[in-house]
Amino acid sequence: QVQLVESGGGLVQAGGSLRLSCAASGRTDNSYAMGWFRQAPGKEREFVAALTWRGGRTYYADSVKGRFTISRDNAKNTMYLQMNILKPEDTAVYYCAAGSRRVGVNPHEYDYWGQGTPVTVSS
C-alpha cells in the first residue's frame, strides 16, 4: 500500500558526492519513520540514516555521520540522502524504507521498501 522508488545512484570517484531520492506514494498516512539502508555484496543490510516524517528528527550510523545528510520534502513526499566525501566502503545498493511504529536501526522495524539504487565508489 506504500510504494517507494529510489533514484540517484551511480558511479562516483572517492571523495565525490551523490544525492539519492526516495519518492513515496500510496497510503503514507501511517509512515512515521523513513530511512536509508544499504547492502554490499556478501554483507547484511545495514542502517545508514533515518528520520521522523513529521518532526524531521534525524539519526545516523556512526560510519556516515558528518558525511551524509538525510532530509525530506513533506509537500513532495520525497526523502533525500546527500552523500559527501564518499569512500569505496560506501559501495552498496541503497534502499529506501518506511515504517509506522518507530525509528530504528533494524530493517525488520520497517514495513515498506524500495527496489534499491546501486552506488559504486571507485578509488
Side-chain angles (χ1 to χ4, degrees):
Q1 58 181 354
V2 174
Q3 294 82 45
L4 304 173
V5 179
E6 304 99 330
S7 62
L11 175 65
V12 65
Q13 294 281 318
S17 298
L18 213 55
R19 188 196 193 205
L20 306 183
S21 298
C22 174
S25 61
R27 295 181 178 179
T28 61
D29 305 57
N30 294 323
S31 294
Y32 172 78
M34 294 187 68
W36 291 96
F37 290 76
R38 65 188 183 187
Q39 189 165 18
K43 300 182 67 176
E44 294 184 353
R45 190 166 298 188
E46 67 172 346
F47 171 78
V48 176
L51 56 77
T52 59
W53 190 253
R54 289 184 175 86
R57 297 186 297 276
T58 59
Y59 307 85
Y60 297 93
D62 289 341
S63 59
V64 306
K65 191 173 296 184
R67 299 189 297 122
F68 291 10
T69 302
I70 188 171
S71 62
R72 92 290 198 211
D73 187 329
N74 298 57
K76 296 180 179 179
N77 257 359
T78 301
M79 179 178 64
Y80 306 95
L81 184 68
Q82 179 66 48
M83 305 185 294
N84 299 323
I85 321 175
L86 282 161
K87 305 174 181 179
E89 49 262 46
D90 295 318
T91 295
V93 176
Y94 283 71
Y95 296 90
C96 173
S100 60
R101 295 169 294 280
R102 60 173 57 84
V103 175
V105 301
N106 192 328
H108 294 98
E109 297 181 83
Y110 296 82
D111 304 303
Y112 304 99
W113 295 85
Q115 81 287 351
T117 184
V119 172
T120 301
V121 184
S122 61
S123 300

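The shortest non-hydrogen separation linking Glu6 to Thr117 is CB-CG2, 3.9 Å. Between Leu81 and Trp36 the shortest heavy-atom distance is CB-NE1, 3.5 Å. Minimum interatomic distance between Gly56 and Arg72 (heavy atoms only, all atoms of both residues): N-NH2, 3.4 Å. The two residues Gly114 and Tyr95 make their nearest non-hydrogen contact at O-CD2, 3.6 Å. In terms of heavy-atom proximity, Cys96 sits nearest to Leu4 at O-CD1, 3.7 Å. Residues Ala14 and Ser123 share a closest heavy-atom pair of CB-CA, 4.4 Å.
With respect to Thr58, the side chain to side chain contact (heavy atoms under 4.5 Å, CB included) criterion is satisfied by exactly one of Val103, Ile70, Thr52: Ile70.
Side-chain contact between Phe68 and Leu86 is present, with at least one heavy-atom pair separated by less than 4.5 Å. Put simply, the side chain of Asn77 reaches to within 4.5 Å of the side chain of Trp53, judged on heavy atoms. Side-chain contact between Met83 and Leu20: present, with at least one pair of heavy atoms (C-beta onward) separated by less than 4.5 Å. Residues Tyr60 and Thr69 form a side-chain contact, since some pair of their non-hydrogen atoms from C-beta on lies under 4.5 Å apart. Between Trp113 and Arg45, the closest side-chain pair of non-hydrogen atoms falls below 4.5 Å.
Side chain of Arg19 to main chain of Gly8: no donor-acceptor pair is present (N/O by atom type, distance under 3.5 Å, no hydrogens or angles). Between the side chain of Glu46 and the main chain of Arg38, no donor-acceptor pair closer than 3.5 Å is present. The backbone N or O of Ser25 lies less than 3.5 Å from no partner atom in the side chain of Thr28, so there is not a single donor-acceptor pair.
Atom CZ of Arg101 has more than 12 heavy atoms from other residues, nucleotides or ligands within 6.0 Å. For Glu44, the CD atom sits in a loose shell: 12 or fewer heavy atoms of surrounding residues, nucleotides or ligands are nearer than 6.0 Å.
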request  = Please test Phe47 against Tyr59 for ring pair (Phe, Tyr, Trp, His ring centres under 6.0 Å), starting from the C-alpha separation and ending with a verdict.
outcome  = CA-CA 10 Å; Phe47 171 78; Tyr59 307 85; 8.0 Å; no

